[in-house]
Structure formats: structure tokens, C-alpha cells
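Note sheet for the following structure.
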Amino acid sequence: MANEPGSTPSSSVNGGMTVDECHTMIQRSLRTPMVKFLKEHLEKSGCNIGGNFIKAVHCDKKVSGGYVRGEGIVVCSNHLKIQDEVNQVVIHELIHAYDECRAANLDWSDCAHHACSEIRAGHLSGDCHYKRELLRGFVKIRGHEQDCVRRRVMKSVTANPYCSESAAKDAMEAVWDVCYNDTKPFDRAP
């Protein structure tokens with residue numbers, strides 16, 4: 001999926017940014033209140049994240065980033081253009097890291113486990129804020145946030161080689177209420 005920083009071309013690709021530009025934006029992201037809050041709660045849960053936990057990389061797949069168990073977070077420089085996009089990827093992936101930290105038995109090949117973490121990340125990260133949805137071309141007055149979370153969960157979980165589309169949908173529906181209402185480490189959804 002990704003190359004390590006330094007082994008990638010220095011120019012941006014597909015209108016994205018360079019790995020170095022993305023690295024600088026990740027450093028800015030680490031200073032935002034939401035990222036600081038999530039990092040603090042990861043550490044309180046016993047999961048220390050070092051300086052190399054979040055990496056800017058060039059990605060071959062059309063994804064913005066990802067969380068890799070035991071390795072950390074990758075942010076795909078060539079698919080992002082602005083600071084807000086980098087912030088969103090970092091926040092979304094930190095929620096996955098938090099989920100894995102607090103659930104010793106989280107199994108990413110289990111469609112229900114994966115769906116639950118995606119529901120939480122989509123709901124708690126702000127990925128589905130109505131302004132972001134408008135910019136994506138999705139216009140709906142009522143229920144946009146849950147529709148967005150469902151759409152993004154399906155996109156992610158169906159990309160899991162262990163989850164067919166029907167298995168992803170069934171898993172998402174089975175865990176929806178519990179996972180959507182689980183706002184830890186926040187008191188309520190931000």
C-alpha cells in the first residue's frame with residue numbers, strides 16, 4: 001500500500017502533496033486539540049505512541065490513510081491536498097488505534113469488529129459533518145450524518161478481504177446501535 005518516506009518521488013502526484021509537505025502537515029495536526037486529546041487518552045489507556053507512529057507516505061491504493069496494527073498510522077500524501085484533510089485522516093485513524101488499544105481481542109478480519117471501529121471513527125471524527133458532505137456532493141437536510149457514516153463504513157469494510165458486501169452490511173447493522181452510541185474517550189460525540 002505505501003512506501004516509506006524518503007523512498008517516494010519528491011513531487012506531488014494526482015494533485016496531492018509531497019511526502020515532506022504531508023509530514024509538515026502531520027506535525028501541525030499533532031498540535032490540534034482533538035489530536036492532542038486522542039493521543040492523551042491512548043497513553044492513559046496504556047498505549048504509547050512514539051514519534052514515528054504517524055507517517056506520511058505515498059500510497060498506491062486510492063485511500064487517504066490507514067491504521068496498521070503494530071505499525072501505526074499512514075497518511076497518504078498523494079491523495080490529500082490541504083491541512084484539514086490531513087487532520088481528518090489523523091483523527092479518524094487515531095480512533096481506530098484507540099479502539100485497538102482498549103479492546104485486547106479486536107480482530108480486524110472479523111467484519112463486526114471492523115464495522116464497529118469504522119462506525120465509531122466515522123461518527124466521532126467529524127468525517128460526516130454536513131459541510132464535508134456538501135463538499136462531497138451529498139445534500140440531505142435530515143439524517144445526513146448517519147447516512148454518511150453508513151456509506152463510509154460499507155466502503156471500508158467491503159475493502160476488507162474477509163468481508164463480502166452482504167457480510168459487511170449484516171455486520172454493520174448488527175453492531176450499529178452499540179457502536180454508534182459508544183463515544184469513548186469522549187463524553188459525547190464531538
Side-chain angles (χ1 to χ4, degrees), residues 1 14-16 25 29 32-35 37-38 41-42 54 59 61-69 73-76 78-103 106-190:
M1 170 168 102
N14 299 329
M25 288 192 184
S29 178
T32 64
M34 178 84 98
V35 171
F37 177 85
L38 288 167
H41 282 272
L42 267 162
I54 304 172
C59 297
K61 292 182 181 177
K62 182 69 176 126
V63 295
S64 300
Y67 172 71
V68 181
R69 166 181 263 156
I73 294 169
V74 294
V75 180
C76 299
N78 52 313
H79 299 302
L80 303 173
K81 296 178 183 173
I82 61 173
Q83 183 68 52
D84 182 65
E85 292 173 332
V86 173
N87 293 350
Q88 280 308 118
V89 170
V90 170
I91 291 165
H92 181 104
E93 301 307 334
L94 280 172
I95 292 168
H96 289 317
Y98 178 82
D99 286 349
E100 185 166 271
C101 178
R102 73 181 182 140
L106 195 147
D107 177 1
W108 293 103
S109 66
D110 181 314
C111 303
H113 289 201
H114 187 168
C116 186
S117 190
E118 289 297 344
I119 290 166
R120 286 177 31 74
H123 179 50
L124 300 174
S125 68
D127 284 345
C128 292
H129 187 277
Y130 77 94
K131 289 180 184 172
R132 283 192 179 82
E133 278 292 88
L134 284 173
L135 292 171
R136 291 181 190 123
F138 293 99
V139 182
K140 188 175 177 186
I141 302 303
R142 292 196 160 167
H144 80 275
E145 198 263 355
Q146 288 194 19
D147 287 353
C148 170
V149 172
R150 288 177 189 278
R151 186 180 71 248
R152 293 173 68 86
V153 167
M154 286 299 295
K155 184 177 179 185
S156 182
V157 179
T158 57
N160 181 332
Y162 298 99
C163 303
S164 66
E165 187 170 344
S166 64
K169 188 171 189 341
D170 290 346
M172 177 181 69
E173 296 303 332
V175 301
W176 179 267
D177 289 336
V178 169
C179 300
Y180 189 83
N181 291 306
D182 177 0
T183 60
K184 289 194 179 352
F186 305 97
D187 293 332
R188 59 180 173 74

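What you are looking at is a predicted structure, and each value in this text was computed from that prediction instead of being measured.
Distance OG1/T32 to CG/N87: 5.0 Å, rounded to 0.5 Å. Going from atom CG of D127 over to atom CZ of R151 covers 10.5 Å, rounded to the nearest 0.5 Å. To the nearest 0.5 Å, the span separating SG on C179 from NE2 on H123 amounts to 11.0 Å.
Panel note: side chain E93, backbone I73; no donor-acceptor pair is recorded below 3.5 Å. Judged purely by atom type and a 3.5 angstrom limit, N78 uses its side chain to pair as donor or acceptor with the backbone of C59. A distance-only check finds no donor-acceptor pair linking the side chain of S156 to the backbone of V153 [under 3.5 Å]. With Q88 contributing its side chain and S125 its backbone, the two residues share a donor-acceptor pair below 3.5 Å.
Around the OH atom of Y162, the shell of radius 6.0 Å holds no more than 12 heavy atoms that belong to other residues, nucleotides or ligands.
The heavy-atom pair separating T183 from D187 by the smallest distance is OG1-O, 3.5 Å. Heavy-atom minimum distance, C163 versus S109: SG-O, 4.5 Å. Nearest heavy-atom pair across L94 and V35 is CD1-CG1, 3.8 Å. Nearest approach of S117 to D99, heavy atoms of both residues: OG-OD2, 2.8 Å. When all heavy atoms of C101 and L42 are compared, the pair lying nearest together is CB-CD2, 3.9 Å. Between A97 and Y67, the shortest heavy-atom contact is CB-CE1, 3.6 Å.
For E85, the salt bridge (Lys or Arg N to Asp or Glu O under 4.0 Å) criterion is met by no residue, not counting sequence neighbours. When the salt bridge (Lys or Arg N to Asp or Glu O under 4.0 Å) test is applied to D182, the partners found at least two apart in sequence or on another chain are R102, R120.
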Exercise for review: Just do the side chain to side chain contact (heavy atoms under 4.5 Å, CB included) check on F186 and L38 with the steps written out, would you?
Suggested key: CA-CA 9 Å; F186 305 97; L38 288 167; 3.8 Å; yes
Point to revise | Intermediate values then yes/no, side chain to side chain contact (heavy atoms under 4.5 Å, CB included), L80 and S64 | key: CA-CA 7 Å; L80 303 173; S64 300; 3.9 Å; yes
Exercise for review: Please step through side chain to side chain contact (heavy atoms under 4.5 Å, CB included) for the pair K184 and Y98, ending with a clear verdict.
Suggested key: CA-CA 9 Å; K184 289 194 179 352; Y98 178 82; 4.0 Å; yes
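In this model, a donor atom of one side chain and an acceptor atom of the other lie less than 3.5 Å apart for Y180 and E145. For the residue pair D107 / H113, no side-chain donor-acceptor distance below 3.5 Å is found, with atom types taken as modelled. For the residue pair H96 / E118, a side-chain donor-acceptor distance below 3.5 Å is found, with atom types taken as modelled.
Proximity of P190 to L124: side-chain heavy atoms (C-beta onward) are separated by under 4.5 Å at one or more points. Contact check for W108 versus E100: side-chain heavy atoms found under the 4.5 Å cut-off.
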N/O donor to acceptor pairs below 3.5 angstrom from side-chain atoms of residues 169-176, sequence neighbours left out:
residue: E173; atom: OE1; partner: R150; partner atom: NH1; Å: 3.2
residue: E173; atom: OE2; partner: R150; partner atom: NH1; Å: 2.9

